[in-house]
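Notes follow the structure.
Hydrogens, waters and symmetry mates are skipped; everything else that's a heavy atom, side chains included, is used. Sequence lines set the chain letters: A, B, ... in the order given, protein chains first and strands last, and positions in each chain run from 1.
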Amino acid sequence: MSGAPKPLLAVRGLKKHFPVRGGLLKKVVGWVYAVDGVSFTLEEGDTLGLVGESGCGKSTLGRTLMRLYEPTEGAIEFQGRDIARASAAELMPARREMAMIFQDPYASLNPRMTVSDIVTAPMSAHGVGTPAERREKASEILQVVGLRAQAASRYPHEFSGGQRQRIGIARALILNPKLVIADEPVSALDVSIRAQVVNLMMRLKERFKLTYVFIAHDLSIVEYISSHVAVMYLGRVMEKAAAKTLYASPKHPYTQALISANPVPDPARRAQKQVLKGEIPSPMHPPSGCVFHTRCPLAEERCRAEAPALRDVDKTGTDEHLVACHLVKD
Amino acid sequence: MGKTVLEVQNLVTEFHVEHGVARAVDGVSFHLEEGETLGLVGESGSGKSVTSLSLMRLVPSPPGRILPSSRIVLGGRDVMKLSEREMQAVRGSEVAMVFQDPMTALNPVYTVGNQLAEVLLRHEGLSREKARARAVELLEHVGIPAPAKRADSYPHQLSGGMRQRAMIAMALSCSPRILIADEPTTALDVTIQAQILELIKKLQRETGMAVIMITHDLGVVAETCDRVNVMYCGRIVEEAPIRDLFAAPKHPYTRGLIDSIPDLEASRGGVRKPLFAIPGMVPDIHHLPAGCRFAERCFKAADACRSSDPVLSDLAPGRRAACLTPLAAGERAPAAAEA
Ligand SMILES: Nc1ncnc2c1ncn2[C@@H]1O[C@H](COP(=O)(O)OP(=O)(O)OP(=O)(O)O)[C@@H](O)[C@H]1O
Ligand SMILES: Nc1ncnc2c1ncn2[C@@H]1O[C@H](COP(=O)(O)OP(=O)(O)OP(=O)(O)O)[C@@H](O)[C@H]1O
Ligand SMILES: [Mg+2]
Ligand SMILES: [Mg+2]
């Protein structure tokens, strides 16, 4: 193999629409445009932070990448192969290389399974290892995530939130995946426990050369953990850039508002907030043109009529800085 | 210093559960001044909500019980001595509360307008017509667009942010002197959170009410509070004016909380250090350790900390900490603790 490094993941024009059914006959009466034309690439070893307000499609995007949801349209190239329409059998090898961590450490673990069975479930699903080998692997991976090997024979309810999240992480890592999609992995955790789990995720990333998609609404944690950040609004990517660039010089009015609204934990730096007016429109009826125009302080006629393309406005020649806004100069 | 509108002394609230008695709030003392915003921060289960419910005498009983030795003085009156009837008059006109989940305060079967009007009928003795007009005014005041139309909506027909506004309107309907806001924005998006915090500030400026802001988010604390009490395991472990709290916390727990937030200024500069993580976890209130409750997680705990229980003591005007060896300026854990 030679040449330019291929991205681990390349997503093109990805859409996921959910039907809305109504009436006695449960006919389709509308669609939720949960993910509506998302494109991005992710290099091996990077961490892509995915931020945006509730309902903007972050979880749907994460689940569609994993093919837990069938994509409505678009391509998902994982290690050079499009898996968007692969059959279950064709998907198997890719599935081994991708894993997901969920937000709710309470709901995502089966209360009737032992920790050992939970973390080795992916091995069983892929027919990997003998029962003895699985047990051994379980105690090994539990230690990697900072739990005692004895934890293996216990049940989820015996653990605290932070420990349960470690169990979820152990399960995700058991097959040595390349790509880990973490959907709000620390949002449900207390402040003092959150840092433990974030540190663990960072250490594991180095150790196992992982690539992360890190979904969160906490902008500070995202900036801390991500190499790149994509900002979503109503199913679309509004802006994507290297994390430092995005936070230091956000270009999209929505990104600017989001960063301004984020509370700064430093009373010496209290500043006037740029408070966005109004609310997020329903993803069943996204606004015409630029979907953000109904809340944008700068919106012009053109924004109401024409949807802006996501384009590169980087001037430094180092890394892409993609923005979908008519008003940002090239 | 402003006038004291609330004084709490040695508040103890217990829950009688199957396997014994749990002290959710264990000897909490603090005061609140006119017009100020007092933060009550702490992690899940530290007793923030039970403290605020106790102030309103709304702790479910059984299983809960406020010990009679507790003193809660509200606008000069001892709340513990009031009859339930007198207490009802205090709720709403003296103190009102907004919660994280507005659905707990709003009745799903009545329209928002009717619920507001009902409160006004009862407390202010307005006529039905006047109450309705005032309800619409209140909805407008908290920034609900098309308030006359919205008044006819049921709570579930409103978005999370709008419901929170409606609950604030309800809380403010009888012009309370104290507003207790229990995680008012935790369930909301940041842009909506900014709107709601802004709204509370605006209403506070207009009415001069005092606010108790309950949250686990140090960002929200830093942006809204004048003074802060930090809770851990049912106790206040530190009190400080907002700037002092962040610049020079005295309790190792507060220090740890502040250090576990990513320092973005530093990481923008290049190197990304591991976050500081407080080791271990919060003890279970049914199995509290002897001595200082934070000792097993504390980087500087000594033998004395494990045997004697530190009391919240005055360190300087407006500054208290419950620690045998309060931190010196700049003192912190030697290294980022291993996760
Ligand atoms: N299985 C589903 N069926 C129908 N609609 C769905 C489904 N899952 C999500 N949606 C809708 O799709 C939109 C995007 O939801 P999604 O959960 O992806 O958002 P999110 O960005 O993860 O939000 P949050 O921050 O609240 O987790 C929402 O309007 C949601 O109601
Ligand atoms: N009705 C109840 N019965 C028994 N125990 C209770 C009851 N309500 C609260 N508790 C206990 O009291 C303690 C304090 O709870 P509280 O709700 O005040 O915490 P909190 O600081 O508000 O936490 P959070 O941040 O999660 O809201 C907890 O251990 C809780 O389990
Ligand atoms: Mg989600
Ligand atoms: Mg609470």
(request) Please test Gln196(A) against Ser260(B) for side chain to side chain contact (heavy atoms under 4.5 Å, CB included), starting from the C-alpha separation and ending with a verdict. (result) CA-CA 9 Å; Gln196(A) 294 177 3; Ser260(B) 65; over 6 Å; no
(message) For Val282(B), which atoms come within 4.5 Å of any heavy atom of chain A: side chain, backbone, both, or neither?
(response) neither
(message) As an exercise, state the distance from NZ of Lys277(A) to CD of Gln195(B), rounded to the nearest 0.5 Å.
(response) 9.0 Å
(message) With a 3.5 Å distance limit and no angle check, can you tell me whether Asp189(B) reaches the backbone of Glu53(A) through a side-chain donor-acceptor pair?
(response) no
(request) Tell me, yes or no, whether the heavy-atom count around Lys202(B) atom NZ, taken from other residues, nucleotides or ligands under 6.0 Å, exceeds 12. (result) yes
(request) Show your reasoning for whether side chain to side chain contact (heavy atoms under 4.5 Å, CB included) applies to His217(A) and Val190(B). (result) CA-CA 8 Å; His217(A) 58 257; Val190(B) 276; over 6 Å; no
(request) Can you establish whether the number of heavy atoms outside Glu36(B) located under 6.0 Å from its atom CD is more than 12? (result) yes
(message) So does Ile261(B) get a backbone contact from the side chain of Tyr224(A), meaning a donor-acceptor N/O pair under 3.5 Å?
(response) no
(request) Heavy-atom pairs under 4.5 Å with chain B are the metric here; pick the option from Ala257(A), Pro267(A), Ala261(A), Gly162(A) that has the most. (result) Pro267(A)
(message) If you apply the rule side chain to side chain contact (heavy atoms under 4.5 Å, CB included), what do you find for Glu279(A) with Thr191(B), and how did you get there?
(response) CA-CA 9 Å; Glu279(A) 308 208 346; Thr191(B) 65; over 6 Å; no
(message) Rounded to the nearest 0.5 Å, what separates atom NZ in Lys273(A) from atom NZ in Lys201(B)?
(response) 8.0 Å
(message) Contact between Ser192(A) and Met281(B) at the side-chain level, heavy atoms closer than 4.5 Å - yes or no?
(response) no
(request) Please check if atom NZ in Lys149(B) has more than 12 non-hydrogen atoms from other residues, nucleotides or ligands closer than 6.0 Å. (result) no
(request) Would you indicate whether the side-chain heavy atoms of Gln272(A) and Glu198(B) approach each other to under 4.5 Å? (result) yes
(request) Check whether any side-chain heavy atom of Ile221(A) sits under 4.5 Å from a side-chain heavy atom of Pro262(B), and report yes or no. (result) yes
(message) Restricting to non-hydrogen atoms, name the atom on Asn199(A) and the atom on Leu275(B) that form the minimum distance, rounded to 0.1 Å.
(response) ND2-O, 2.6 Å
(message) Checking an interface table here. Which of residues 224-239 of chain B come within a heavy-atom distance under 4.5 Å of chain A?
(response) Thr224(B), Cys225(B)
